[in-house]
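None of the values given here were measured: they were computed from a predicted structure. Just so you know, these numbers use all the heavy atoms, side chains as well, and skip hydrogens, waters and symmetry mates. In the text below, chain A, chain B and the rest are named by the order of the sequence lines, each starting its count at 1.
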Number of protein chains: 2
Amino acid sequence: MTRPRTRIQQKNSETILEAALEVFSTYGFRGATLDQIAEVAGLSKPNLLYYFPSKEAMHQALLERLLDTWLDPLREMDEAGDPVAEILAYVRRKIELSRDYPRESRLFANEILQGAPRMREAIEGDLKRLVDEKAAVMIRWMDQGRIARLPPHHLIFSVWALTQHYADFDMQVRAVLGPDHDPFSEAGDYLEALFRKLLAV
Amino acid sequence: MTRPRTRIQQKNSETILEAALEVFSTYGFRGATLDQIAEVAGLSKPNLLYYFPSKEAMHQALLERLLDTWLDPLREMDEAGDPVAEILAYVRRKIELSRDYPRESRLFANEILQGAPRMREAIEGDLKRLVDEKAAVMIRWMDQGRIARLPPHHLIFSVWALTQHYADFDMQVRAVLGPDHDPFSEAGDYLEALFRKLLAV
DNA sequence: GTCTATAAGCTGATAGAC
DNA sequence: GTCTATCAGCTTATAGAC
């Protein structure tokens with residue numbers, strides 16, 4: 001149900017996607033069951049299938065809205081701005097995504113871990129195009145001597161790895177840090193220091 | 001079957017664990033099926049269950065051997081050595097693990113993503129203890145002014161995040177880089193440069 | 001729109017022949 | 001040790017009453 005018409009349809013579709021996100025992000029597509037999603041949503045299983053034609057369709061709906069959310073922070077990186085400030089702002093937005101949308105991060109991680117069977121096109125298309133474009137921006141910044149010369153694709157991978165780690169491995173991070181820690185706030189400070197040093201010419 | 005006695009038992013147990021690793025690392029515990037494992041192993045499903053009492057037992061056997069492999073590189077970090085060299089050697093060993101044992105990395109990632117239901121004790125026990133111990137070593141290095149002052153736990157998280165990313169998100173890394181790239185070799189050089197800059201006093 | 005009932009196929013595990 | 005046959009329970013999806 002891509003475009004629900006009534007308010008009740010809108011609301012139920014949202015409830016279902018919210019529950020589906022919870023379950024798919026934890027167990028992956030294959031490991032998730034409609035029973036679990038129905039229980040989390042507080043709806044009957046046939047009712048789920050009244051709003052979405054299949055389990056696949058629920059997952060697909062989640063993935064479709066995911067990619068844009070996921071790439072927006074990188075899209076906002078502006079060649080006209082100050083290079084270090086732009087990259088640090090990108091890192092900050094990504095850490096905020098990890099903090100505020102950890103389930104989306106884990107849904108994405110699950111999909112890539114499995115070899116992206118339902119996202120391959122988007123990865124090889126939109127995502128690659130955007131990364132190549134922003135890598136070119138970074139190369140120009142390096143040519144102008146405004147940030148250190150580094151392989152731009154790997155620089156972008158670092159931002160992804162370091163920020164998404166705090167969402168995807170949240171359980172481990174909290175277990176290792178122990179209580180009385182705010183992982184995301186500490187990560188924000190630490191990653192700002194890391195990228196400042198890394199980018200300094 | 002923790003201790004197989006005959007050669008044929010030994011060999012079949014290994015074949016099964018090898019196949020189980022392949023399937024569990026891709027689909028997670030819940031998403032993997034004995035049918036898949038049996039097909040990859042080239043054995044019948046009842047034969048799998050002759051060697052291991054249950055699906056759980058296969059997964060457990062994989063996790064048990066995993067943690068040691070996973071922590072060994074950090075264990076080898078020696079307080080008596082040169083701090084920067086020791087940390088760079090740690091990063092190098094971790095990148096080699098990602099290159100040579102990507103399925104083990106993904107098995108671990110799957111387990112943590114799901115909240116570590118079958119590994120919680122090891123994470124909160126052995127793993128946390130080792131990390132705390134090595135964090136203390138790093139603090140002493142920092143106190144001696146031999147590396148930059150940074151939050152040691154987050155420094156270790158960075159090593160994990162940056163190195164494991166190349167195994168866990170391999171599909172995405174290769175899609176973005178395109179052909180004619182050796183992700184692990186490039187990552188080795190890049191991460192050495194990154195940590196040199198980060199640790200410089 | 002939502003429910004109960006149920007179909008059809010899959011999944012983990014066992015029985016028993018060889 | 002390995003196989004075929006099979007069970008009980010689960011899982012996705014549909015039918016049809018309300």
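- Set against D:dT14, C:dG12, C:dG1, the side chain of A:Ile8 has C:dG1 as its closest nucleotide.
- Remark: A:Tyr50 is not in phosphate contact with C:dT2, judged by side-chain N or O atoms under 4.0 Å from OP1 or OP2.
- There is no side-chain donor-acceptor pair under 3.5 Å between B:Asp170 and B:His165.
- In this structure, the nucleotide among D:dA13, C:dC3, D:dG1 sitting nearest to the side chain of A:Asn47 is C:dC3.
- In this structure, B:Gln60 atom CD and C:dG12 atom P are separated by 17 Å, rounded to whole Å.
- Taking atom CD of residue B:Glu39 and atom P of nucleotide C:dC10, one finds them 13 Å apart after rounding to whole Å.
- Counting to the nearest Å, the P atom of D:dT12 and the CD1 atom of A:Ile16 are 14 Å from each other.
- The aromatic ring centres of A:His154 and B:Tyr166 sit less than 6.0 Å apart.
- Nucleic acid contact class of B:Ala57 (heavy atoms, under 4.0 Å, all strands): none.
- For the salt bridge (charged side-chain N to carboxylate O under 4.0 Å, His left out) with A:Arg65, the lone residue among A:Glu14, A:Glu104, A:Glu18 that qualifies is A:Glu14.
- Atom CG in A:Leu43 sits roughly 7 Å away from atom P in C:dT2 (whole-Å rounding).
- Comparing atom distances between the B:Asn12 side chain and each of D:dC10, C:dC10, D:dT2 picks out D:dT2 as nearest.
- The salt bridge (charged side-chain N to carboxylate O under 4.0 Å, His left out) with B:Asp132 is formed by just one residue from the set B:Lys128, B:Arg129, B:Lys134; it is B:Lys128.
- Contact check, B:Tyr51 against D:dT2: a side-chain N or O comes under 4.0 Å of OP1 or OP2.
- Listed nucleotides C:dT2, C:dG12, D:dA13 differ in distance to A:Leu49; the shortest reach to its side chain belongs to D:dA13.
- For the pair B:Leu48 CG and D:dC3 P, the interatomic distance rounds to 10 Å; values are reported in whole Å.
- Here the P atom of nucleotide C:dT11 and the CG atom of A:Asp35 are 15 Å apart, to the nearest Å.
- Atom CZ in B:Phe29 sits roughly 8 Å away from atom P in C:dG12 (whole-Å rounding).
- In this structure, the nucleotide among C:dT2, D:dA13, D:dT11 sitting nearest to the side chain of A:Ser54 is D:dA13.
- Closest contact between the side chain of B:Ser44 and the listed nucleotides D:dG1, D:dA13, D:dT4 involves D:dT4.
- Here the P atom of nucleotide D:dT11 and the CD atom of A:Glu56 are 17 Å apart, to the nearest Å.
- In this structure a side-chain-to-backbone donor-acceptor pair under 3.5 Å is present from A:Lys197 to B:Leu198.
- Nearest to the side-chain atoms of A:Pro46 among the listed nucleotides C:dT11, D:dG1, D:dT14 stands D:dT14.
- Looking at which nucleotide of DNA chain D each of A:Lys55 and B:Lys45 is closest to, the 5′-most match is held by B:Lys45.
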